[in-house]
2 protein chains.
Amino acid sequence: MSLRGRPRAFDPDLALRSAMNLFWERGYEGATLTDLAAVMGINKPSLYAAFGSKEALFRQAVSLYDKAEGRGIELALHAEPRVRDAIAKFLQLNLASYTDPDKPSGCMIVLAAMIGSPENAGTRDYLAAQRAETRNVLRQRLERGVAEGELAEETDCNVIADFYTTVLQGLSIQARDGATREQLRAIAQAAMAGWESMTTEPATHSEA
Amino acid sequence: MSLRGRPRAFDPDLALRSAMNLFWERGYEGATLTDLAAVMGINKPSLYAAFGSKEALFRQAVSLYDKAEGRGIELALHAEPRVRDAIAKFLQLNLASYTDPDKPSGCMIVLAAMIGSPENAGTRDYLAAQRAETRNVLRQRLERGVAEGELAEETDCNVIADFYTTVLQGLSIQARDGATREQLRAIAQAAMAGWESMTTEPATHSEA
DNA sequence: CCTTATTTATACCGAAAGGTACATAAATTA
DNA sequence: TAATTTATGTACCTTTCGGTATAAATAAGG
């Protein structure tokens with residue numbers, strides 16, 4: 001497809017990455033089309049031809065973010081065999097991403113469109129759905145811990161998933177407020193301190 | 001002062017309260033002057049005469065928010081005699097505010113200006129300073145717990161304050177994402193589950 | 001009653017927002 | 001080489017942004 005005609009003079013993947021970084025830094029409403037086109041190194045008509053609209057560009061940027069920043073972390077969550085280690089690793093990898101000096105601080109999914117004008121409610125809902133998905137991934141990992149006999153049957157995976165999701169989202173704000181990686185690590189460690197109190201190991205079969 | 005001249009036809013306190021609610025709902029950049037003037041029941045020139053500018057209005061709205069939503073909660077933090085109870089109460093009162101059905105959900109200080117265009121960096125810094133202040137209030141309450149012999153001298157009050165600040169900020173996002181008061185309560189309870197692991201009671205004097 | 005001081009409402013300003021028309025440039029197909 | 005297709009750059013569109021000039025309205029002071 002599109003073999004005829006003048007070839008495009010830019011790499012859409014690279015341009016999208018630049019757009020992602022600006023959305024990540026300034027948020028959906030804070031990144032203007034003029035700014036976006038500038039960092040992408042293209043003109044607005046090229047932007048529209050390649051990505052459709054500001055909102056369409058944003059969603060593609062979110063997909064790229066999810067792939068570039070989230071995928072590896074989610075894999076680690078599943079790869080870690082013990083559920084407690086998996087959660088701790090998940091926190092640690094996320095906060096490492098939040099404090100990467102080469103990237104905007106905090107999580108784009110949390111920060112880029114939390115609040116704003118009514119006309120952009122659709123964009124906010126889109127990110128809210130992404131956040132809900134992260135929570136579900138955590139919950140499923142916890143439920144696997146139950147299925148594998150690491151956690152008691154009566155473990156409330158919903159609450160534990162909500163708790164770590166909340167901590168994770170708070171960490172994004174801390175990162176934006178200038179917290180260092182070491183500070184976030186200490187916070188994550190504090191969040192793990194409650195693990196034994198929140199969870200119960202299953203009763204052994206030899207007991208009543 | 002200002003006895004001469006036409007008297008103003010609106011109550012500045014009521015108007016400011018309306019402005020606060022819109023800023024709380026939509027954020028600094030998401031609330032336009034036209035919208036603000038509309039909910040305040042006045043025209044833009046009246047708004048400027050009474051409040052100065054959009055940013056000045058916002059800061060006054062933040063002050064009002066701090067007074068209306070924060071003051072009582074901070075008092076409770078100090079009034080509660082035992083430090084663990086004080087922190088738990090602080091979380092509980094905040095999450096009750098975040099889920100008041102008559103008000104926008106979540107905390108205005110956390111949500112109203114997290115990200116945006118470079119020209120509003122001053123407003124974001126202003127809110128960041130407010131957030132830092134909340135953290136300091138928590139830390140001071142923890143240090144009082146040390147001073148009063150409830151917590152060991154080596155307790156890291158900075159980390160514990162950072163942790164509960166993080167949870168609190170995460171709770172604002174949860175509230176905006178539609179979490180119920182009961183869900184937030186369960187999350188706060190989970191956050192308190194780590195208390196004993198994070199803190200140590202001081203050694204008794206009769207010990208070595 | 002007339003001046004002075006202040007608020008009100010309307011109507012407007014320049015700048016910037018998201019988005020696009022249009023003419024030109026560069027490739028393939030015929 | 002001519003026709004066709006797609007991308008590019010400039011210049012522009014409409015709307016809305018934060019903010020204001022101006023004149024009428026309403027009070028107190030003289």
Chemist: For B/Ala9, report the nucleic acid contact type (base, sugar-phosphate, nothing); a contact means any heavy atom under 4.0 Å.
Modeler: sugar-phosphate
Chemist: Examine D/dT8: is either OP1 or OP2 under 4.0 Å from a nitrogen or oxygen in the side chain of A/Ser46? Give yes or no.
Modeler: yes
Chemist: Could you check B/Gln183 against B/Gln174 for side-chain hydrogen bond (donor to acceptor under 3.5 Å, both in side chains), going step by step and ending with a plain yes or no?
Modeler: CA-CA 9 Å; B/Gln183 287 177 296; B/Gln174 291 295 315; over 6 Å; no
Chemist: Would B/Arg141 count as a cation-pi partner of B/Phe90, with NZ or CZ less than 6.0 Å from the six-membered ring centre and within 45° of the ring normal?
Modeler: no
Chemist: Please give, in whole Å, the distance from C/dA30 C1' to A/Arg4 CZ?
Modeler: 10 Å
Chemist: For a quick check, with a 4.0 angstrom heavy-atom cut-off, what is the B/S/- contact string for nucleotides 11-18 of chain C, read 5' to 3'?
Modeler: ------SS
Chemist: Compare the minimum distances between each of C/dG19, D/dA7, D/dG9 and the side chain of A/Ser53, then state the nucleotide with the smallest one.
Modeler: C/dG19
Chemist: Rounded to whole Å, how long is the line connecting atom CD1 of A/Ile42 with atom P of D/dT6?
Modeler: 18 Å
Chemist: Assuming nearest nucleotide by heavy-atom distance, tell me which of A/Phe10 and B/Gly5 is located more 5' along DNA chain D.
Modeler: A/Phe10
Chemist: In whole angstrom, give the distance that lies between atom CZ of A/Arg8 and atom P of D/dT5.
Modeler: 18 Å
Chemist: Would you be so kind as to tabulate the donor-acceptor pairs closer than 3.5 Å made by side chains of residues 36-48 of chain B, with sequence neighbours excluded?
Modeler:
none

Chemist: Taking side-chain contact (heavy atoms from CB on, under 4.5 Å) as the definition, give me every residue that meets it alongside A/Asp35, ordered by chain and number, with sequence neighbours left out.
Modeler: A/Leu22, A/Arg26, A/Thr32
Chemist: May I have the distance from B/Glu55 (atom CD) to D/dG19 (atom C1'), rounded to whole angstrom?
Modeler: 14 Å
Chemist: Tell me if the side-chain of A/Arg6 makes a donor-acceptor pair with the base of C/dA25, cut-off 3.5 Å, by modelled atom types.
Modeler: yes
Chemist: Take a 6.0 Å sphere around CZ of A/Arg17 and say whether it holds more than 12 heavy atoms from other residues, nucleotides or ligands.
Modeler: no
Chemist: Tell me, please, whether B/Phe23 has B/Lys54 positioned over its six-membered ring: NZ or CZ under 6.0 Å from the ring centre and within 45 degrees of its axis?
Modeler: no
Chemist: How many Å lie between CG on B/Leu57 and P on D/dG19, as a whole number?
Modeler: 10 Å
